[in-house]
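Notes to accompany the following structure.
First the proteins, then the strands, lettered A, B, ... as listed; each starts at 1. These figures come from a predicted structure and were not determined experimentally.
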Amino acid sequence: MSPSLAGVGNWTLQYVLKPLWQILLFIVISAVLISGAALVAGVVLRTPWHGIELLRVRPRIDLLNQIWLQLPNMLLDGITIGFVYAIIAVGYTMVYGVLKFVNFAHSEIFMLGGVVGYEVLMRLKAGGNLQTFPPILLILFMIVVAMVISGGTALAIERIAYKPLRNAPRLVPLISAIGVSFLLQDLVRAFEALTRNEFNLAYPTSDIALLSQRFQLASTSITNADGRVITVPAVINMTSIIIIASAILMVLGLNYFVNATKTGKGIRAVSQDQATASLMGINVNLMISLTFLIGGALGGAAGVLFGLKTTRITPYVGFTPGLKAFTAAVLGGIGNITGALLGGILLGLLESFAAALLPYFPALGTGYTDIFAFAILILVLLFRPTGLLGKKVDEKV
Amino acid sequence: MKAFKVLAVLAIVALVGSGFALAPTASAQSNVIKIASQSPLSGGQSVLGTAISNGARLAIEQLSKPIEDLGFKIEYVPFDDQATPDVGVSNAQNIVNDAAILAVVGHLNSGVAIPASEVYNKSDLVMVSPANTNPAVTDRGLPTVVRICGRDDTQGTVGANYALNELKAKTAYVIHDKTAYGEGVATFFRDVFQANGGEVLGFEGTEEKANFDAILTPIVASAPDVIYFGGIYDQAALFFKQAREKGLTSQFMGADGLDSSDLVKIGGEAMVGTIFTSTAGPAELFPEAKQFIEDYKKTFKTEIVETYAAEAYAATQVVLAGIEAAIKANNGALPTRKQVTEAVRATKDLSTVIGAITLDGNGDKVEATYYILKAVGADPAGAWKELLTTTTAPSPLAAKAK
């Protein structure tokens, strides 16, 4: 499987172009499906539908027009947050694949990454080096430091809190994970309270000129009933571009590692059958540790990206994205890395569309976004209990 | 490994044991009077919550002399309600079970104060609120509830009228945080804005605390003149900041929940120009507060006298005056909670750091002042806000009497 000089073209195809093509396919399929569903709903609900109050659109609003106006922005936002969910979901899904248990402390590993990114920024700022640092290098540096610390913490947690419980009933490490999760939250809170006396860790993003750049990709316009033309520009932030680019790089790297290297093969073997893998001379403990290290590092990187995007991290910020990412992992088929990616993008898009369109239904409102997203999850699981990609792939990691 | 486990168990036993040792024992002395405070001392809203606790602490340190002269000792017990109704209520249970506690200063959030005050009321314990503006706080008619700040029905009206008349806004999009306070003030803003000729393009509640992208999309599509946020600064600052990053140029508005230096700390430059109403004036405005500001800065080693610190000090002044009057009325003996409540409710022309306070039959201030402020700088330690104008309005009961 290792690349030979003669097969560089082949290698690029296998580990760069093919996964890239798959990611693009996921995005396009999810986007088309959800946009299509929204547009159909827009047409159907244009006139009051069977008099159902719940689905009555706000007066003087043409739902179809609004969907058209918002479509590019909803897609961009959904894909951006979807990639963040996907990167976190990989951490859940890898650990599940290997140990068959849900590592609920992963959302805190993610939060820790965000906090580390903040600390790096603030330390550079205190030294007066923030403006002089090349921004791309700065972000890369933040991500790398966060990956090291988050990955290391995940590794330590596995050794301290999960390894002694490996032969216990499966519920026991789960409880241990919840305990670790609380512990990490409050340790970080105590640390920030003692060193900075801060709870809201605001990223000084306005000091990084690169991040305030915006690009207009397209714009959609409609003509109102009164003849007024309304144009809404579809704007993408530099931060979103950074998120999507780094997420794709990480997915490519992970794909290469898991599918092309000997160690990756070891991890896959352990995920299929620990005892047999051990008989084949694979160091099971090492493989499990590696799984936590990689999942944790990706979670940490996602934390930095989330911090750059939302510009504030708190010790409790991990819970909601963590839960969403876990949902994404289940949606895509838990234990399956490709599934995590698909689930993340799909959930991000679903959420983005729901939150941006529910305000037009006075009986519902944007507060129902999560119910909507989770209802879809339940529906998918009813028909495919193993998740969208749960059965198609027999190799689980 | 075994030794390590034994050590760990011992350490836990020691920790738990010391916890018990530190836990407050029922006060044996009958001459100790405790005053409790409840506000968020941890979490995202702790800046305002700590200001309330600091204000109360300073007042008790400085002003308990007259009661001590009567032979009583005053103790201060701060509680952390974490801006969460459940925590506030369970703290309230602990507070009412401590017989030495005769009054509570708090809370910051109406959504916490409303359920907690039901608990206080069952044991006749008076709650003097420096910050709870939701009408339901006093409108439930509980005899033990008093507030020394304004009300959201008036605050929402003041905000809506300012948007219509001064900012010449025609359209508004209203967002709130789904709490009693946020949804309440946002509803009043919406209703008045609509009634006086403005168009409300949307009214949405959200508990989202980090990523507002999707919520902002319909706002971008409707491009309102004003975006009004009913909620607290930790959520609002982020929401507004992300709105600017999306290219929205609308005027940002809000209510007293935005009135904290952390607004500009979290939101940065994007907050400059934000206009918000408040029921708490900047402490510098009150001629009586000069000494207080100096003492506050010295005692807590800070340059920022946060919003509601002066109000908490004044609320504690109301409590202390009530306790003193109750002791005197009780011929120098320890008063009951009910007697303290009655004395506090009778507060009339009491001079405090935020001016004279007279309460009406509902427990509202007879006349409250509403301030319209504007964020003018991004430096939280500097002069980040500026007073635009003030309005004085009577409480509903006082207005009816007139």
Out of curiosity, Asp234(B) CG to Arg312(A) CZ, how far, rounded to the nearest 0.5 Å? 5.5 Å

Of all heavy-atom pairs linking Asn211(B) and Lys309(A), the shortest is OD1-CE, 3.6 Å

From Ile61(A) CD1 over to Ser222(B) OG, what is the distance, rounded to the nearest 0.5 angstrom? 8.0 Å

Using non-hydrogen atoms and a 4.5 Å limit, figure out which bit of Tyr173(B) sits close to chain A: side chain, backbone, both or neither. side chain

Would you kindly say whether Thr217(B) and Asp77(A) are connected by a side-chain donor-acceptor distance under 3.5 Å? yes

Under 4.5 Å from any heavy atom of chain A - which part of Ile266(B): both

Any side chain to side chain donor-acceptor pair (under 3.5 Å) involving residues 251-262 of chain B? Give me the pairs, sequence neighbours left out, ordered by first then second residue. Gln155(B)-Asp256(B), Tyr181(B)-Asp256(B), Asp256(B)-Tyr308(B), Asp259(B)-Ser278(B), Asp259(B)-Thr307(B), Asp259(B)-Lys385(B), Ser260(B)-Glu306(B), Ser261(B)-Glu306(B)

Taking a cut-off of under 4.5 angstrom between non-hydrogen atoms, the residues of residues 196-207 of chain A near chain B are Glu198(A), Phe199(A), Asn200(A), Ala202(A), Tyr203(A), Thr205(A)

Considering only heavy atoms and a distance below 4.5 Å, find which of Leu201(B), Val220(B), Ile215(B), Leu216(B) pairs most often with chain A. Leu201(B)

Donor-acceptor pairs under 3.5 angstrom involving side-chain atoms of residues 350-362 of chain A: please list them, not counting sequence neighbours.
residue, atom, partner, partner atom, Å
Glu351(A), OE1, Tyr85(A), OH, 3.1
Glu351(A), OE2, Tyr85(A), OH, 3.4
Glu351(A), OE2, Lys324(A), NZ, 3.1
Ser352(A), OG, Met74(A), O, 2.7
Tyr360(A), OH, Gln66(A), OE1, 3.1
Tyr360(A), OH, Gln70(A), OE1, 2.6

Contact list (residues 233-243 of chain A to chain B, heavy-atom gap under 4.5 Å, by number) returns Asn237(A)

Which atoms form the tightest heavy-atom contact between Gly43(B) and Arg189(A), and what is the distance? N-NH1, 4.4 Å

How about NZ on Lys297(B), more than 12 heavy atoms from neighbouring residues, nucleotides or ligands closer than 6.0 Å, or not? yes

More than 12 heavy atoms of other groups within 6.0 Å of Phe319(A) CZ: no

Considering only heavy atoms, which portion of Thr366(A) lies under 4.5 Å from any heavy atom of chain B: side chain, backbone, both, or neither? both

Check Leu238(B) against Thr310(A) and note the closest heavy-atom contact, atom names and distance. CD1-O, 3.1 Å

Taking Glu207(B) for its side chain and Gly367(A) for its backbone only, find out whether a donor-acceptor pair lies under 3.5 Å. no

Counting neighbours of CZ on Phe215(A) that are heavy atoms of other residues, nucleotides or ligands and sit closer than 6.0 Å, is the number greater than 12? yes

Considering residues, nucleotides and ligands other than Phe372(A), do more than 12 of their heavy atoms fall under 6.0 Å from its CZ? no

How about Tyr368(A): does its OH atom have over 12 heavy atoms from other parts shown lying under 6.0 Å from it? no

Please classify the contact of Glu245(B) with chain A as side chain, backbone, both or neither, using a heavy-atom distance under 4.5 Å. both

Of the backbone (N, CA, C, O) and the side chain (C-beta and beyond), which part of Lys209(B) lies under 4.5 Å from a heavy atom of chain A, both, or neither? both

